[in-house]
Amino acid sequence: VRCQLTPPQRPLQTSAVLRRVSDEQKKEPLASSSQQEFDSHPADHQPEQEPQGPRPSYTGQGGQESEDYESEEQLQHRILTAALEFVPEHGWSAEAIAEGAKTLGLSAAAAGMFHGDGSELVLHFVSQCNTKLSELLEQEQKLVQLGKAEKKPTDQFLRDAVEARLRMLIPYIEKWPQALSILLLPHNIPSSLNLLTSMVDDIWHYAGDQSTDFNWYTRRAVLTGVYNTTELVMMQDSSPDFEDTWRFLENRVADAMNMGNTANQVQSTGEAVVQGLMGAAVTVSNAESGWVVRA
Amino acid sequence: VYQVFESVAKKYDVMNDSMSLGIHRVWKDILVHKMNPSPGTLLLDVAGGTGDIAFRFINYVRSVRERQLQRRLRHHQNLSWQEIAESYQEDKFKSLGDSQVVVCDINKEMLKAGKQKAQDLGYSEGLSWVLGNAEELPFDDDKFDVYTIAFGIRNVTRIDLALEEAYRVLKPGGRFLCLEFSHVSNPLISRLYDLYSFQVIPVLGEVIAGDWKSYQYLVESIRRFPPQEEFKAMIEDAGFFKVDYQNLSFGIVAIHSGFKL
């Protein structure tokens with residue numbers, strides 16, 4: 001048991017690695033919940049994360065110094081972001097991460113901090129895309145609130161949101177099938193599923209759809225289906241600027257909207273049937289009692 | 001300690017095999033796999049006397065390099081014959097891709113045995129042999145990508161100094177890997193292990209290497225070594241980050257890993 005009262009905040013070493021957090025930090029979004037989720041991707045044998053490196057003190061913990069140095073996680077994020085540039089060449093792999101580390105002035109051995117199969121790189125990328133999407137939608141919403149833009153009808157909104165999100169894959173489209181298979185690995189499924197559902201929830205949140213055609217679960221499921229199928233179509237699309245994909249998307253969203261009407265119709269038909277049955281039951285019981293009275 | 005290894009040097013490999021029933025090879029393989037070195041890596045193997053880790057490293061890097069080259073060739077589909085021929089030639093000279101191992105040991109006899117073994121097995125390029133003390137390494141700062149010490153650190157008098165030296169010679173981002181005997185927590189295995197260590201090993205030492213005392217010393221040094229968590233704390237004290245350990249064979253052996261960040 002280590003009894004260190006005040007471990008002098010150990011700043012990450014050397015100028016190559018360490019950075020004045022102040023400027024960069026403002027731009028980096030505060031870890032969204034989805035990011036935190038896969039961040040506590042435990043090294044299998046660490047009982048728990050010891051607060052070893054100094055944490056960015058948003059809560060104004062220590063003196064000036066602690067705010068200026070970055071933590072291990074932040075460094076890991078920086079490495080992964082740098083690694084993205086090497087994905088087209090090396091795929092989603094430890095090699096890409098090693099190259100990324102090298103651009104930051106670190107030894108390629110730093111890639112040993114991550115899983116050997118590139119999982120963290122893919123998850124990091126997906127999380128980054130989701131964050132970018134949220135920011136985009138947030139900005140659009142602001143414009144609408146300020147009256148500078150029109151509020152889009154739901155189907156248009158969904159189409160644009162999904163298209164914007166899928167366009168972020170374009171630079172990596174060749175290696176995207178590999179990324180998908182990594183996301184489907186059993187040990188990644190909790191994280192990838194989480195990222196997917198929070199993205200879908202986000203989109204619906206900004207869609208601000210108050211209609212009662214769908215209930216919450218259906219909405220989630222429908223949009224997830226639309227997104228996933230469109231993504232798969234995009235993998236195989238060779239049309240200029242993916243026009244086929246966007247057309248497919250348009251059709252799927254239209255289907256989704258119509259589904260709402262069908263559901264309504266089913267509901268009213270159902271009601272009618274029930275009423276009919278009720279009526280029949282009443283008639284029969286009246287007839288019965290009529291019988292009794294007669295007899 | 002010096003004398004122990006002087007007498008042990010020649011029979012070192014044989015003793016290792018018989019003591020651990022050959023499993024030490026697996027442990028060392030796992031170590032290099034965990035390292036997952038890419039071509040171009042500069043490795044410092046301390047107390048690496050007979051070169052086990054070094055040779056495995058070279059094999060690993062060679063096969064990674066081969067795969068890389070194959071992949072690259074597959075992509076170069078539109079080259080002229082001239083260009084292809086040129087690329088073959090150039091790659092032949094870089095079968096290791098600039099990777100290098102420096103084997104450092106305090107003991108001349110161990111180094112000699114290692115050099116001989118390298119010759120016998122046909123390892124020539126990418127290897128250097130340096131005489132040195134783990135507590136005071138004869139290298140500059142920030143030089144190596146990976147520092148390994150396999151079954152060597154328990155023989156160092158001041159472990160903390162060795163850890164600090166390791167930190168010093170590693171590049172930023174570099175990795176520290178230590179393969180060492182450690183603490184077995186499972187009580188049943190622990191009893192069997194103790195039995196084996198104290199009854200069988202010194203006997204083997206006498207029979208195979210004619211040296212009971214050295215192997216008695218060995219077993220005792222294993223028991224004296226700090227357990228996993230404590231060693232992890234020591235590594236952190238030296239300045240390493242993301243320190244963790246992996247138990248092998250129920251904790252008989254553990255691999256500790258840390259990064260200089």
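Naming: A, B, ... by sequence-line order, numbering from 1 per chain.
Residues of residues 95-102 of chain A lying under 4.5 angstrom from chain B, judged on non-hydrogen atoms, are A/Glu95 by number.
For A/Ala111, no part lies under 4.5 angstrom from a heavy atom of chain B. Of the two parts of B/Ser38, only the side chain, counted from C-beta on, holds a non-hydrogen atom closer than 4.5 Å to a non-hydrogen atom of chain A.
Residues satisfying the ring-ring contact (aromatic ring centres under 6.0 Å, His included) test with B/Phe139, not counting sequence neighbours, are B/Phe144. Looking at residues two or more places apart in sequence or on another chain, you find a side-chain hydrogen bond (donor to acceptor under 3.5 Å, both in side chains) between A/Asp241 and A/Arg167. The side-chain contact (heavy atoms from CB on, under 4.5 Å) check on B/Pro226 picks up B/Glu230, B/Met234, with sequence neighbours excluded.
Environment of CD in A/Glu174: sparse, with no more than 12 heavy atoms of neighbouring residues, nucleotides or ligands closer than 6.0 Å. Other residues, nucleotides and ligands contribute only 12 or fewer heavy atoms inside 6.0 Å of the CZ atom of B/Phe250. In the displayed structure, A/Glu243 atom CD is contacted under 6.0 Å by more than 12 heavy atoms of other residues, nucleotides or ligands. B/Arg223 CZ: more than 12 foreign heavy atoms inside a 6.0 Å radius.
Note: B/Leu42 CG to A/Ser107 OG = 9.0 Å, rounded to the nearest 0.5 Å.
When all heavy atoms of A/Ala109 and B/Asp145 are compared, the pair lying nearest together is CB-O, 3.4 Å.
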